[in-house]
Amino acid sequence: MPELPEVESARLVVERSALRRTIADVDDNDTYECRPHAPGEIRDALVGRQLVDAHRRGKSMWCETSDDGPRLGIHLGMSGRILVSPPTRDDEDGEEDEGGDYQGSGPARGSGTRKPEWYRFTLRFEDGGALRLFDKRRLGRVRLDPDIEALGPDAGEIGRDEFRERVGRGTAPLKARLLDQGTVAGIGNLLADEVLWQSHLSPQRPSGELTTDELDELRRELRKAIRSALRKGGVHTGEVIAHRGTGRHCPRCGTEMTRATVGGRTTWWCPEEQV
DNA sequence: ACACGTGTTATGCG
DNA sequence: TCGCATAACACGTG
């Protein structure tokens with residue numbers, strides 16, 4: 001469930017630890033993760049180059065490469081994580097620096113097992129270290145020159161007027177609009193539920209019927225939730241997230257939470273407060 | 001064993 | 001053609 005905050009954490013890891021290291025080899029043999037590239041295509045484009053910058057918009061990140069090389073796009077999908085290991089020093093096998101830990105909410109969540117086949121993509125550096133994409137579910141994606149322009153503005157940076165204009169239109173349910181990456185980029189299922197709860201808005205409200213005040217409030221709560229998730233380590237730390245579930249209650253008013261599929265995703269909200 | 005979750009993309013419909 | 005809805009994808013988890 002990497003959403004915007006988790007991807008930003010991963011980007012920071014790349015920026016901090018993977019730039020300016022020469023790529024010696026690339027394992028791009030996972031044809032699903034690297035689609036539509038054929039095996040070897042990404043390797044041929046990157047060997048000998050360096051990553052020189054790491055960017056992000058919404059849930060998509062990409063790196064510029066040296067000598068006017070192609071951009072390397074990485075999407076974490078639903079279970080992807082970026083792991084970067086330092087240069088090997090005297091045959092020492094270094095600990096991996098990790099970005100975006102989103103492994104569920106409980107302390108004892110996730111076994112931590114790392115099967116080798118879950119490493120879907122690897123950049124091996126000349127210094128002996130590597131950048132890897134670790135992805136159990138295999139819905140992540142690596143590709144050259146990704147189409148970033150298809151995404152809407154980043155959810156954490158979109159301005160007030162543009163937010164009003166882009167979100168406050170159409171007849172689809174508000175939550176579906178928020179999940180549409182072409183409208184605003186970076187909001188996933190959990191972040192959407194959190195922000196709607198914080199804003200006292202029903203996920204089912206037709207997005208075009210929101211007032212300007214409601215849209216402004218929604219944007220404020222969105223920025224707040226993103227900052228908070230970045231600080232606390234993931235969207236699962238949101239206030240209402242632990243209260244999504246059968247028999248759970250709204251942490252503000254105690255009303256039993258309601259469940260429905262909205263925008264194709266399981267949605268939980270407080271039927272009393274979110275209208 | 002089997003349903004569920006989940007971001008993206010493809011497909012379908014009015 | 002556009003906006004919206006739904007299915008498909010992969011596969012670990014409960």
Legend entry - Toward the 5' end of DNA chain B, by each residue's nearest nucleotide, Trp268(A) or Arg141(A):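 Result of the comparison: Trp268(A).
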Can you tell which of [options] lies closest to the side chain of [X]?
X: Glu3(A); options: dG7(B), dT13(C), dA10(C); value: dG7(B)
X: Arg138(A); options: dA10(C), dT8(B), dG12(C); value: dA10(C)
X: Pro173(A); options: dA5(C), dC11(C), dG7(B); value: dA5(C)
X: Thr266(A); options: dC4(C), dG5(B), dT8(B); value: dG5(B)

Check the distance between [N]'s [atom2] and [X]'s [atom1] and give it to me in whole angstrom.
X: Arg259(A); N: dA3(B); atom1: CZ; atom2: C1'; value: 11 Å
X: Leu190(A); N: dG5(B); atom1: CG; atom2: C1'; value: 10 Å
X: His75(A); N: dT9(B); atom1: NE2; atom2: C1'; value: 11 Å
X: Gln204(A); N: dA5(C); atom1: CD; atom2: C1'; value: 15 Å
X: Leu179(A); N: dG7(B); atom1: CG; atom2: P; value: 7 Å

Answer with base, sugar-phosphate or nothing: what part of the nucleic acid does [X] contact at a heavy-atom distance below 4.0 Å?
X: Gly170(A); answer: sugar-phosphate
X: Arg143(A); answer: nothing
X: Arg177(A); answer: sugar-phosphate
X: Arg137(A); answer: base

Legend entry - Earlier contact from the 5' end, DNA chain C, for Leu139(A) and Thr171(A):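 The residue mapped nearer the 5' terminus is Thr171(A).
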Legend entry - Single hit among Arg56(A), Arg57(A), Arg223(A) for salt bridge (charged side-chain N to carboxylate O under 4.0 Å, His left out) with Asp154(A):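 For Asp154(A), the salt bridge (charged side-chain N to carboxylate O under 4.0 Å, His left out) test succeeds with only one of Arg56(A), Arg57(A), Arg223(A), which is Arg56(A).
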Legend entry - Identified side chain to side chain contact (heavy atoms under 4.5 Å, CB included) partner of Leu196(A) from the options Leu201(A), Val262(A), Leu222(A):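 Answer after filtering Leu201(A), Val262(A), Leu222(A): Leu201(A).
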Legend entry - Salt bridge flag under 4.0 Å for residues Asp27(A) and Arg132(A):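 Between Arg132(A) and Asp27(A) there is no salt bridge, as every charged N stays at least 4.0 Å from the carboxylate O atoms.
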Inset, instruction - Heavy atoms only: give me the nearest Asn189(A)-Leu179(A) pair and the separation to one decimal. - result: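 Shortest heavy-atom contact: N-CD2, 3.7 Å.
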Legend entry - Leu191(A) versus Glu3(A), closest heavy-atom pair with distance: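 Closest approach of Leu191(A) to Glu3(A): CB-OE1, 2.8 Å.
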Legend entry - Thr183(A) vs Val167(A) side-chain heavy atoms within contact, under 4.5 Å: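 Yes. Closest side-chain heavy atoms under 4.5 Å.
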Legend entry - Pairing annotation in dot-bracket form, given for DNA chain B with Watson-Crick or G-U pairs under 3.5 Å and | for cross-strand partners: .|||||||||||||
Inset, instruction - Mark yes or no for a side-chain to base donor-acceptor pair under 3.5 Å between Arg265(A) and dG5(B), with no hydrogen or angle criteria applied. - result: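 Counting by modelled atom types and ignoring angles, no donor-acceptor contact under 3.5 Å is found here.
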Legend entry - Short side-chain N/O contact to dT13(C) OP1/OP2 from Lys136(A), under 4.0 Å: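 So the side-chain polar atoms of Lys136(A) do come within 4.0 Å of the phosphate oxygens OP1 or OP2 of dT13(C), strictly under.
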Inset, instruction - Establish, with yes or no, whether the OP1 or OP2 oxygen of dC11(C) is under 4.0 angstrom from a side-chain nitrogen or oxygen of Trp118(A). - result: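 No.
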Legend entry - Distance-only polar pair, side chains of Thr22(A) and Gln50(A), donor-acceptor under 3.5 Å: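 Yes, a side-chain donor-acceptor pair sits under 3.5 Å.
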Legend entry - Residues within residues 180-189 of chain A bordering DNA chain B, heavy-atom distance below 4.0 Å: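 The answer is Gln181(A), Gly188(A), Asn189(A).
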